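The structure presented is a predicted model; accordingly, all values stated were derived computationally and were not measured. Indexing begins at 1, ligand by ligand and atom by atom, following the structure's order.
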Amino acid sequence: MQERPNSLKAAVTAGRAHIGLWCSLASALTTEIVAGSGVGWVLIDGEHSPNDLRSIVSQLQVLNGSACEGAVRLRSDDPDLIKQMLDAGARSLMIPNVRSADQARAIVSAMSYAPHGIRGFSVAHRANSFGRIAGYHANARQQQLLAVQIECETGVANAAEIAAVEGVDVLFVGPGDLSTNMGAMGNPGAPHVQEAIASVRKAAAAAGKASGILAPVKADADRYIAEGFTMVAVGSDLGLLARGSDALVASFNR
Ligand SMILES: O=C(O)C(=O)C[C@H](O)[C@@H](O)CO
């Protein structure tokens, strides 16, 4: 058995925009519904959502056989969490608030088996279809995608060095955290934040890497894609359900 190609990695490393949806509801059912839309990837959020390892695995399972790539955001860069999540079958990882090239190198190391890194070895797990994927251990890095989030001024200042780290595929801007860190809480449209966002995109491009961002307003997403961001999340299960239900109820309350 061969490992399924990572369509998200293939698109963004070739410079093709690939849209995704954020899955914050920690529910295999809602992730299945969202993935059925035909979106290219979903982000299963282990940072700000009430997910645990089992709920993340359930969401990855509903993506089996689908063209939609399940990316997982961890709550930190802890190498033990990274190992457990990779073994559980997540191969596209997003790590929040990466601030330096050394931190990025440590994350790549945690994703790599010796001699390139420190990932612990387990002979059979969900990632290699319980031992059915021949050569998984030798080739595991090929289908892995690493998106590091740039979410503070230090990360922006070090974006060029972070992008240059071998094994980093995407600099992914966290617009909420970045704007908050830059004194414009929740307002990524502030001119100085927009300048920082553009500088992250340019740093990624200069290193031949992809850039990504979460942009739940369509006009923003269109503009970011036109500027060159490729891994673009255009909404979330939570937002769709909350705003959709608000609008439906409001439509009866005139
Ligand atoms: O800083 C941000 O913005 C992000 O990283 C995305 C958020 O965590 C959030 O909006 C998820 O729901």
Show me the short polar-atom pairs for ligand 1: any N or O of it lying under 3.5 Å from a protein N or O, with distances only.
residue: ligand 1; atom: 1 (O); partner: Glu151; partner atom: OE1; Å: 3.1
residue: ligand 1; atom: 1 (O); partner: Gly174; partner atom: O; Å: 3.4
residue: ligand 1; atom: 1 (O); partner: Gly176; partner atom: N; Å: 3.3
residue: ligand 1; atom: 1 (O); partner: Asp177; partner atom: N; Å: 2.8
residue: ligand 1; atom: 1 (O); partner: Asp177; partner atom: OD2; Å: 3.3
residue: ligand 1; atom: 3 (O); partner: Pro175; partner atom: N; Å: 3.3
residue: ligand 1; atom: 3 (O); partner: Gly176; partner atom: N; Å: 2.7
residue: ligand 1; atom: 5 (O); partner: Arg73; partner atom: NH1; Å: 2.9
residue: ligand 1; atom: 5 (O); partner: Gln149; partner atom: NE2; Å: 3.0
residue: ligand 1; atom: 5 (O); partner: Glu151; partner atom: OE1; Å: 3.1
residue: ligand 1; atom: 8 (O); partner: Arg73; partner atom: NH1; Å: 3.3
residue: ligand 1; atom: 8 (O); partner: Arg73; partner atom: NH2; Å: 2.7

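Between the side chains of Asn6 and Ser92, at least one donor N or O sits under 3.5 Å from an acceptor N or O.
Remark: Arg4 engages Glu69 in a salt bridge, criterion side-chain N to carboxylate O under 4.0 Å.
Checked against the 6.0 Å centroid criterion, the rings of Phe229 and His18 do not qualify as a close aromatic pair.
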Under 3.5 Å, which donor-acceptor pairs link side chains of residues 211-222 to any protein atom two or more places apart or in another chain?
residue: Lys218; atom: NZ; partner: Asp222; partner atom: OD1; Å: 3.1
residue: Lys218; atom: NZ; partner: Asp222; partner atom: OD2; Å: 3.0

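Take Arg75 and apply the salt bridge (Lys or Arg N to Asp or Glu O under 4.0 Å) test, not counting sequence neighbours, and it matches no residue. For Arg126, the side-chain hydrogen bond (donor to acceptor under 3.5 Å, both in side chains) partners at least two apart in sequence or on another chain are Asn64.
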